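Order of the sequence lines fixes the chain letters, A, B, ..., with proteins taken first and strands second; residue numbering starts at 1 for each chain. The structure presented is a predicted model; accordingly, all values stated were derived computationally and were not measured.
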Amino acid sequence: MGRGVLPPHARRLMLLLRPMGFSTSAPVASTREPLHVCVVGSGPAGFYTAEKMLKGHEGAQVDIIDRLPTPFGLVRSGVAPDHPETKIVVNQFSRVAANARCSFFGNVTLGSDVSLSELRKTYDVVVLAYGAESDRSFGIPGEGLRGIHSAREFVWWYNGHPDMCNLAPDLKNTDSAVVLGQGNVALDVARILLRCTTELASTDIAGYALDALHSSTIRKVFLVGRRGPAQAACTAKELREILGLKNVHVCIKEADLVTSPADKEEMRNSRIKRRVYELLSKAATVHQEKSNDDRKELHFVFFRKPTRFLPSEDGTTVGAVELEKTLLKDDGVTGKQVAVGTGEFEDLKCGLVLKSIGYKSLPIEGLPFDKYRGVVPNLRGRILSNESETATVEPGLYVVGWLKRGPTGIVATNLHCAEETVASILEDEKKGVLVASSDSKRQGRKGLLEILEQKNTRYVPFHDWEKIDSKEKTSGQLKNKPREKITAWDELLKVAKEG
Amino acid sequence: MLSRISRLGVQAASRARLGQNPATSRNQKEAIGSCINYVGNHTLCSATDATASDRSEQQEAKISVTFVDKDGDEKLINVPIGMSMLEAAHENDIELEGACEGSLACSTCHVIVTDVDYYNKLEDPEDEENDMLDLAFGLTETSRLGCQVIASPELDGIRLALPAATRNFAVDGHVPKPH
């Protein structure tokens, strides 16, 4: 299944990776003045930032806070259950958390448990790495009908995120699901809907999701994009995987594969697009015999944009998506091709719609925010007071990851993003920008602990997450899964406390 | 193999015992030194009846590899035949990331083979490696994943550069931004 099959000469090396030069044992007396750093968010952006900070400054004391009791952000709640190799990076992050100069504080929410201004008074450096926990929406009629979910919600649901464990999407009212969008997240949700549940049974998928998928009546999944195969946002690995799913008949119209000179130019400039297009072309020309009626269907629908969601007979659940045919036109500014409606419409019947058109970050009180781009205005990670040209830099306040760049990229993209932000921090530290204006030094971890005690916050330190981790793995062993995720808030906190 | 070394050792030791003359001791040091060098450069094998071909294999048991980091600093290391460049980098404290620990699920161990002749000696990447290279930061025409480049005799002397943020080597100018 999926990534489990490696070419013969590839070595699957379980390396004993060394901690790259810093100690994980007893506290080392630092020769430098402590630099108190707080990272908000414990996904890849947060952890890579912590790692680079610890390496870049001998006196750095890094605290990572996260509103969930469990660390690792989307590596735990976003990466698909059938992509376990992508999750291996948590080993590296765990080594960072084990560093004597690093502490994890789970179940601590920025805003309610500690405010941004409190953090700025307590730490020399505050780095916001809290990602994007909301969604772009279409803003078209019918979007509120039952059966329409964002892909983020669906992904959080099957990955056992405690905020979505009660989503209960109805997978039994229909044989057709429509996924709007053709990026890797769209492919993930389509693949999870189509994959044999016997294969999913040995992954870390949430137990309730496996049950729901087992009794699902969905047989057809439509991946709908407003532009063509040369613009599809997915990448080769994921596409190759979904095209190779056993017992799934793939339908791609050859007419959709015709490319314009502009398409050819786009592909000439992009290795990724070229390889994606080649895969789609090959899949369209493979004439598969429709002999096995038990096979599910995956349809790639190009040049269609949704204009309305239509209700089914019950009036409250979605029954179809109205799609408008599109043409590509040069946008006249950036040279990008944009989809323009042609006035021709058709309805696509379905009982489940998953919108996969992008995540969106949430603004917080006291933080400058660019509502249009959905990011915090910044210059190489240094947060700016606003998006205008006259903006000033906010001393000691930084941003990294999706909150800085927008919700795109892979796990590794955050590595380079973190390097850039940490370089800015170290530059500023050398210049003396981070020194507190008043005589009293900032308290760092000690200060945070005082604030949390005052608020009576039951924070979860890393070794308490390890109790959750251990229990999940043990429960998983009984079911031949790498782990059986604990998905309810109260149970997570209970296990963190008691083990 | 072991018997040959022990013979050398005995010779060196017996030479060491003879006289305290500075000239002689220089020779002794050389003798001992060359014995130690021999041992140091060749993996000791446990087979006591080593054949001639085994001995020549042992002489090629390691290749030299130069890593060039983001700032242009170079480090020359010896890598045993059969070891991947990722593993070799980690054994020598070279800062090559390996998020997925060699399972072809990331592009963080991306290295640039600076010499196209060496690049051509490598077997073509499989689809899975190419899929990961698609997403690599600073991709070039001679880029490979470090976990897939395995030390072999014809790669002796290879130079591998780590991609730098300042280098604008992207093949297609397009910055990859998928999820």
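The environment of NZ in K282(A) is sparse: at most 12 heavy-atom neighbours from other residues, nucleotides or ligands sit within 6.0 Å. Counting non-hydrogen atoms of other residues, nucleotides and ligands closer than 6.0 Å to NZ of K121(B) gives a total above 12.
Options V90(A), L239(A), L415(A) differ in how many heavy-atom pairs under 4.5 Å they form with chain B, and the most are formed by L415(A).
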Output, in order, the C-alpha distance, side-chain angles, deciding distance and verdict of side chain to side chain donor-acceptor pair (under 3.5 Å) for Q92(A) and E101(B). CA-CA 9 Å; Q92(A) 181 175 350; E101(B) 295 176 8; over 6 Å; no

Let's go through L104(B) and E85(A) carefully: what are the C-alpha distance in whole Å and the side-chain angles of both, what is the deciding distance for side chain to side chain contact (heavy atoms under 4.5 Å, CB included) to 0.1 Å, and is it a yes or a no? CA-CA 8 Å; L104(B) 276 179; E85(A) 295 88 358; over 6 Å; no

Full working for side chain to side chain contact (heavy atoms under 4.5 Å, CB included) between I272(A) and L135(B): CA-CA 8 Å; I272(A) 292 182; L135(B) 310 167; 3.9 Å; yes

One pair to check against side chain to side chain contact (heavy atoms under 4.5 Å, CB included): I410(A) and S107(B). What are the steps and the verdict? CA-CA 10 Å; I410(A) 51 174; S107(B) 55; 4.2 Å; yes

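No part of R405(A) comes within reach of chain B, as not one of its non-hydrogen atoms sits under 4.5 angstrom from that chain.
A salt bridge is defined here as a Lys NZ or Arg NE, NH1 or NH2 lying under 4.0 Å from an Asp or Glu carboxylate O, and K55(A) with E95(B) meets this definition. Between K52(A) and E97(B) a salt bridge is recorded (basic side-chain N to carboxylate O distance below 4.0 Å).
Scanning both residues, R271(A) and N130(B), for their nearest heavy atoms gives NH2-O, 2.9 Å. Across every non-hydrogen atom of K237(A) and D131(B), the tightest pair is CA-OD2, 3.4 Å. Considering every non-hydrogen atom in both T86(A) and A105(B), the closest pair reads N-CB, 4.1 Å.
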